[in-house]
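This report refers to the structure that appears directly beneath it.
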Amino acid sequence: ALINNSALDNCVFLGVEEKNSLYEDGDICVKGAIICILYKYSCTMTFAIKEINQRSDLLPHLKLGYHIRDSCDDIPVALRALLSFNSSNLGCAAVYRTVSPVIIGDASSGISMALLRSLGSFRIPLVSYFASCSCLSDQREFPTFMRTMPSDAFQIRALARLVSYFGWTWVGVIGVESDYARFAIQLFLQESVQYGVCAAYTHFYPVTLSQQALDKLLNMASSKVIINFSGESEMQGILKEIGRWNITGLQWIASEAWATATLLWEKFGDLLTGTLGFAIRRADVIPGLEEHLTSLRPSDIHKSGFLAEFWEETFNCRLNGSVNSHSHGVGNYLDRLPCKGTESLDDVYSPYSDVTQLRVSYNVYKAVYLVAHALQDMSDCKGGKGPFSNGTCADPKHFKPWQASRSVCSDSCPPGSRVARRKGEPICCFDCVPCAEGEVSNETDSLECTRCSEDTWPNRARDLCIPKTIEYLSYHELMGIMLCVVSVLGACISLSILAIFFTYKDTPLVRANNMELSFLLLVFLAVCFLVGLLFIGEPSDWLCRIRYPAFGISFALCISCLLAKTAVVLMAFRSTLPGSNVMKWFGPNQQRASILLGTAVQVIICLIWLLTSPPHANNNTDYHSATIIMECVTGSEVCFWCVLGYIGILACMCFLMAFLARKLPDNFNEAKFITFSMLIFFAVWITFIPVYVSTAGKYTVAVHIFAILASAFGLLFCIFAPKCYIIILKPEKNSKKHIMQRGPTDRDKQPFTLTFTPMVNLETPVHLSCMSLDCGSVWMKLPQA
């Protein structure tokens, strides 16, 4: 324990002072908790630190130091080493000077958990190179923990699949009494269920294996396949006892902690035959590490108890004045011969200098570099963009981890939230409530949130108001471009068909299909296609006032034209009685007048609409809070639906008349095509209504444009595609003979007399006997009056 008096020069240490450590000063001192028997890891750590200090591209203005203490794989020893990291014989001044920003270690999951809980209030990061317990992944309990060792969660999943692959569904699961084994076995039991693997038994044995514990363990072995979660030393004790009992035929599944333990395979290779397991990732080489490890000389061994104990165990000798009083090998330590001083690590094999299996050593190496890169990021931090309050940065040379700890009832409320006092509790105790939708706070511990303006919205952190996203169907987005292209394409097709009809205006087919109304219908269809362009782009008041009337009037013109064409067909073929002059009252002038009359009603509805409650542009913020939808509102919903309703009435009249005239005798009778086009028209607009009502924003506009284009294409192709097919691809059928050939029914085969007043001014009616006639234009040569 450390007692710090009023003056650093007067501070004293109480208790037995631990002298077995490795220390080198630096701008930043990295602490290490290393298991005593694994001196190789300590040397790997010091090698990595020296390598970093020699680099010019990593921490060029900082020198890393280190202070490594022995944890001896024991929680009390590790905690004592932790609390006395800044003591030793360095003097009290070093306690203040060498503040540790990070600790590397420990190898054990249990010790790492104990250290983290002790460090919790100081917020000192701990980077472990071998602690694999999945429990350490809990960032709530261990927020300052990192590791260069994979979590056991991955190994357990692999082990469950491994035993399942070999068909071992009845396995024994054992482990040393530790957090590492307890969580690993718990995970395995959960994971193995998914693969149909059952545990014959589970057993935890103590770290210090007594004879009684070994006997109990081996008497439980009812399964030949055993998974053991333990370290190398515990497994060594088990294998010794198995050899003494002469137990054979066991299939061991090794955890990563002892799967690659060279010492076990050397001593108990016959008992471990067939053992399976998953190893830690191995580095092929760490350049310069082997030379660093073997550079240890007898003159260095008195620097630390680490080195003395390692030297004596490696060469089985005894140093003069050694503080070591126990032996890890066989025999009495005092019976060893004195060390000669000429020993060299190059002359003996030692796991210490063996760099063919760089697994845990590689994790230690990575842990040091993890710390170095974190410090480099801290050094590269620019003021105003840092991770701390008000964008400040930390100074790596003067960083004191315990300064980050606080003693408060409630943590400060960050920007984006407000303080909510707790009823009946002191003012220091409060809850942090996130700002409500549409509100922000840009200060810490703000008492209230401020509402954003109508055209702004909070960002995700709710600490800044940002402009809302503006949405409308634009010419620059894919959907707008596609609809624009289709609209222009439809208009071009309509005008192209008009050009074809004008070119072939003297042919029987064109003349027999009411050429004038056909020309008008094609022009109006082209206008309908182009009206779709008025729905694309940023809405404005004038555009909205043009958009809806243009839509209603253009479709009224088209349907009125179709209605006139259908009426002519029906009247012509129903006027079969001699002396009938019905067509006299529905000649070309009357046809034009019917189109104007049908359209005039729609024009009147639109004028009333524009004068009473016209459409106008509106910024809709109700549908989505973070988006401004620029749209055209109808102004008067009644007028809008009256426009659609009137188009529907005209379409119903056209459909009814075309349906009645669909079977009249004529090879090119348009009534059946008009009937089919009206069915498509109805299907499109009946579908349009629910979709239009249920959508919002630019998708409502897109639905409207789609309905316009689909219905216009339906009219265009159903009525004019068959005629274009005859004119262009089947010109032989574009003849008077083909048009006048007899129809398919007996009734239609009978000639009939039609009396009507033709387009030319004749004072007397013309009586024609014919087999085929359509709509008031006669291509046959008329008799002289």
Side-chain angles (χ1 to χ4, degrees), residues 13 15-24 32-47 49-50 66-74 76-78 80-81 84 87-90 105 107 208-209 231-233 236-237 239-240 261-268 288-357 360-361 364:
F13 297 102
V16 180
E17 199 171 321
E18 177 62 55
K19 298 183 180 297
N20 290 334
S21 65
L22 300 177
Y23 175 80
E24 182 174 313
I34 304 293
I35 299 175
C36 57
I37 61 172
L38 300 177
Y39 177 63
K40 179 179 181 178
Y41 303 160
S42 300
C43 291
T44 304
M45 179 177 171
T46 60
F47 167 76
I49 290 175
K50 290 178 180 179
Y66 55 83
H67 192 179
I68 303 173
R69 283 195 174 275
D70 187 359
S71 71
C72 286
D73 200 21
D74 184 67
V77 175
R80 180 182 176 184
S84 60
S87 60
S88 187
N89 56 355
L90 303 177
T208 304
L209 280 167
E232 178 180 347
S233 59
Q236 185 173 350
L239 291 176
K240 284 181 180 179
T262 306
L263 186 61
L264 289 180
W265 296 94
E266 290 177 351
K267 291 184 176 180
F268 309 102
L289 178 60
E290 184 177 8
E291 291 77 6
H292 176 76
L293 294 175
T294 56
S295 63
L296 190 62
R297 292 294 178 260
S299 56
D300 302 322
I301 59 180
H302 292 287
K303 294 180 180 179
S304 169
F306 283 150
L307 301 177
E309 183 176 348
F310 164 71
W311 197 266
E312 290 177 338
E313 293 301 323
T314 301
F315 295 102
N316 194 25
C317 63
R318 179 167 49 86
L319 291 168
N320 292 329
S322 173
V323 296
N324 188 19
S325 60
H326 64 281
S327 172
H328 296 281
V330 180
N332 189 353
Y333 167 75
L334 298 176
D335 294 337
R336 291 180 177 178
L337 296 175
C339 297
K340 299 177 181 179
T342 58
E343 293 84 3
S344 174
L345 291 173
D346 294 328
D347 299 333
V348 297
Y349 169 79
S350 171
Y352 163 81
S353 57
D354 185 358
V355 293
T356 61
Q357 295 291 326
V360 182
S361 297
V364 174

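With hydrogens and angles ignored, the 3.5 Å screen pairs a side-chain donor or acceptor of E343 with a backbone N or O of G341. With T46 contributing its side chain and C43 its backbone, the two residues share a donor-acceptor pair below 3.5 Å.
Here the straight-line distance linking atom CD of E232 with atom CD of Q236 works out to 6.5 Å at 0.5 Å rounding. Annotation: the span from F315 atom CZ to T342 atom OG1 amounts to 9.0 Å, rounded to 0.5 Å. Taken to the nearest 0.5 Å, the CD1 atom of I68 stands 6.0 Å off from the CD1 atom of I49.
Residues L319 and W311 come closest through the heavy atom pair CD2-CD1, 4.3 Å. Between K50 and E24 the shortest heavy-atom distance is CE-OE1, 4.1 Å. Scanning all heavy atoms of the two residues, the minimum distance from P351 to K40 falls at O-NZ, 3.2 Å. Contact between C317 and P338 at its shortest, heavy atoms only, is CB-C, 4.1 Å. Minimum interatomic distance between F47 and L289 (heavy atoms only, all atoms of both residues): CZ-N, 3.7 Å. Nearest heavy atoms, L345 versus T294: CD1-CA, 4.2 Å.
A search for side chain to side chain contact (heavy atoms under 4.5 Å, CB included) contacts involving V77 returns C72, D74, not counting sequence neighbours. By the side chain to side chain contact (heavy atoms under 4.5 Å, CB included) test, E290 is found to be paired with V355, residues two or more places apart in sequence or in another chain being considered.
Applying the side-chain hydrogen bond (donor to acceptor under 3.5 Å, both in side chains) test to every pair with at least one member in residues 346-356, sequence neighbours left out, gives these pairs: Y349-D354, D354-T356.
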